[in-house]
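Report on the structure given below.
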Amino acid sequence: MADTFEMMAAMGISREVYEYGSKALKSLEKRFKKIDEIAEYNQAKVLLAMQKNRVSAACFAGTTGYGYDDVGRDTLERVYADTFHTEAALVRPQITCGTHALAVALSANLRPGDELLSVNGAPYDTLQEVIGIRPGPCSLAENGVSYRQVDLKRNGRFDFKKIEKAINDKTALVAVQRSKGYDERPSFSVKEIAELTAFVKRVKSGLKVMVDNCYGEFTELYEPSDFGADMVVGSLIKNPGGGLASVGGYICGTAECVERCGYRLSAPGLGREVGANLGIIREMFQGFFLAPTVTAAAEKGAIFAAKLYDPLGFKCIPAASEERHDIIQAVELGSEKAMLAFCKGIQLAAPVDSYVTPLPWDMPGYEDKVIMAAGAFVQGASIELSADGPIRPPYAVYFQGGLTWAHAKLGILMSLQKMKDAGIPGTEKIGQEL
Ligand SMILES: *Cc1c(COP(=O)(O)O)cnc(C)c1O
């Protein structure tokens, strides 16, 4: 009888590594069941939104040119709005990536003289040039928007006292990042973001709250928009694209905020009326339909990775037993050499470009060199199995994605195999009684 190990062995995974993985898996059954329950709830949520908005084959027709009266685009936006329980949504292939979506949301809703307040310390690397923390052309700073940030407390939680002090006459928008990104802090739960939202609105009514929702979508029963966030923003080549969307970003929020985003994205006067779907709208619907289960697969992979790496002495954030609020798994590997080996393994397990070796490079928008393993169908799609990280201490890789759980598992085993093959300290414990 053929067994799974034979197939794994054909790919270069040793008996020891395979069995180490199998053992780890046994203890994760309960955890995985809970993830499946969340996926089931979110599947129904998306389905309900699709049915309510009468998604039909006519919605999948491609449009060109101005894209006036694009039924597919308008319906998809209502499906997003109903899923995130917001008044409106902007979901388009013309939004090129998550950073673009965030830049649109910020610049559309901040005017000269306004101040932006980030409450989780420095925001995601690519946003620093958008804001002007690192100077560059066309930043918010250049357009007269000032910026302030409040660092998190040492335990990684919001510093409410300092946030209250930082809010002033000029403060117009509070930005919060749900996922840890390239930081070593815990990701925020929807509940924590809900508390933060209520708090800042008590301090100053009319203050807008924007959540960078990247990687968090569908990991919980609720989204930050269920609890008063004015905008939730993300990328379609992460969770909500379900691996099928080949490009795009979304902004879901109040009618007022989203309308302004439409004007910023296209042009004043035109707004959301223009923007052809270019024949790729069906994949955006279908990807959104798959997103809850694809997100669940990625989450299982993340937990499995922590379960494997933690006992070998590599710090994992979050730990395998901790609650999760996104699909990112940070593993501190301690050296550049280990990062290279880990990423080599992830790349080797990919369906696309499995034969290339990832090397660190100067990626636009990032300050340090970044290494990135991604053998994805969609370039850079991090809902697909991928690992990346800036080459700086503590040499953490951020592992995420996997369109299927089986693939995520295989990739993680392969990463461990390559670490072991490279003789990375810690991996000698594989096969010993831990
Ligand atoms: C990925 C990400 C972004 C930026 O999205 P891109 O699609 O890479 O431009 C912003 N914030 C967070 C937290 C992210 O994970």
Side-chain angles (χ1 to χ4, degrees), residues 90-107 116 118-131 133-134 136 140 149 152 156 175-190 192-193 210-219 223-224 229 231-243 245-252 265 284 287 291 295 298-299 302 317-318 324-330 361 363-367 370-374 376 378-390 396-401:
L90 192 65
V91 189
R92 309 205 165 193
Q94 284 82 13
I95 302 178
T96 55
C97 59
T99 305
H100 186 196
L102 289 156
V104 167
L106 290 172
S107 55
L116 165 65
S118 169
V119 291
N120 51 265
Y124 192 74
D125 287 46
T126 59
L127 279 189
Q128 303 196 5
E129 263 164 86
V130 170
I131 295 166
I133 301 170
R134 287 203 307 276
L140 290 174
Q149 76 183 40
L152 295 171
V176 55
Q177 182 182 314
R178 181 170 172 185
S179 168
K180 63 179 153 304
Y182 286 155
D183 281 335
E184 296 148 64
R185 57 147 170 112
S187 295
F188 296 117
S189 65
V190 169
E192 282 172 293
I193 296 173
M210 182 203 78
V211 180
D212 176 348
N213 210 25
C214 282
Y215 290 130
E217 301 93 348
F218 299 127
T219 58
E223 300 291 335
M231 288 184 281
V232 289
V233 184
S235 163
L236 298 203
I237 64 169
K238 296 179 181 172
N239 309 16
S246 46
V247 68
Y250 77 88
I251 301 166
C252 294
L265 179 66
M284 295 165 85
T295 301
E299 257 191 292
I317 306 172
R324 306 194 60 89
H325 310 295
D326 63 13
I327 64 165
I328 310 275
Q329 182 61 51
W361 63 300
M363 198 174 154
Y366 294 83
E367 210 173 357
V370 173
I371 186 164
M372 207 167 237
V378 172
Q379 188 194 81
S382 45
I383 187 61
E384 297 186 50
L385 187 68
S386 50
D388 46 71
V397 285
Y398 296 79
F399 164 87
Q400 68 266 315

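Numbering of ligands and ligand atoms starts at 1, following listing order. Everything quoted here is computed from the prediction, not taken from an experiment.
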Is the backbone of [Y] close enough, under 3.5 Å, to the side chain of [X] for a donor and an acceptor to pair up by distance?
| X | Y | value |
| --- | --- | --- |
| N239 | E217 | yes |
| Q94 | L265 | no |
| E192 | S189 | yes |

Considering only non-hydrogen protein atoms, determine which one is nearest to [atom] and report residue, atom name and distance to 0.1 Å.
| atom | result |
| --- | --- |
| atom 6 (P) of ligand 1 | G98 N, 3.5 Å |
| atom 11 (N) of ligand 1 | D212 OD2, 2.5 Å |
| atom 1 (C) of ligand 1 | K238 NZ, 1.3 Å |
| atom 9 (O) of ligand 1 | T99 OG1, 2.5 Å |

Report, in ascending order of atom number, the atoms of ligand 1 lying under 4.0 Å from any heavy atom of [X].
| X | answer |
| --- | --- |
| S235 | 7 (O) |
| Q177 | 13 (C) |
| C214 | 2 (C), 3 (C), 10 (C), 11 (N), 12 (C), 13 (C), 14 (C), 15 (O) |
| Y215 | 15 (O) |
| L102 | 10 (C) |

When you check the gap from the basic side-chain N to the acidic O, do E223 and R178 get nearer than 4.0 Å?
yes
Do Y250 and L236 pass the side chain to side chain contact (heavy atoms under 4.5 Å, CB included) test, and can you show the C-alpha distance, the side-chain angles, and the key distance before you say yes or no?
CA-CA 7 Å; Y250 77 88; L236 298 203; 4.0 Å; yes
With a heavy-atom distance limit of 4.0 Å, tell me whether H100 approaches ligand 1 through its side chain, its backbone, both, or neither.
neither
Checking contacts here: is it the side chain or the backbone of C97 that comes within 4.0 Å of ligand 1, counting heavy atoms only? Could be both or neither.
both
Any chance you could measure R134, atom CZ, to T126, atom OG1, to the nearest 0.5 Å?
8.5 Å
At what distance, to the nearest 0.5 angstrom, does OG of S246 lie from CD1 of I237?
10.0 Å
Does some non-hydrogen atom of I328 fall short of 4.0 Å from ligand 1?
no
Looking only at heavy atoms, the pair that brings Y124 and Q177 closest together is N-OE1, 2.9 Å
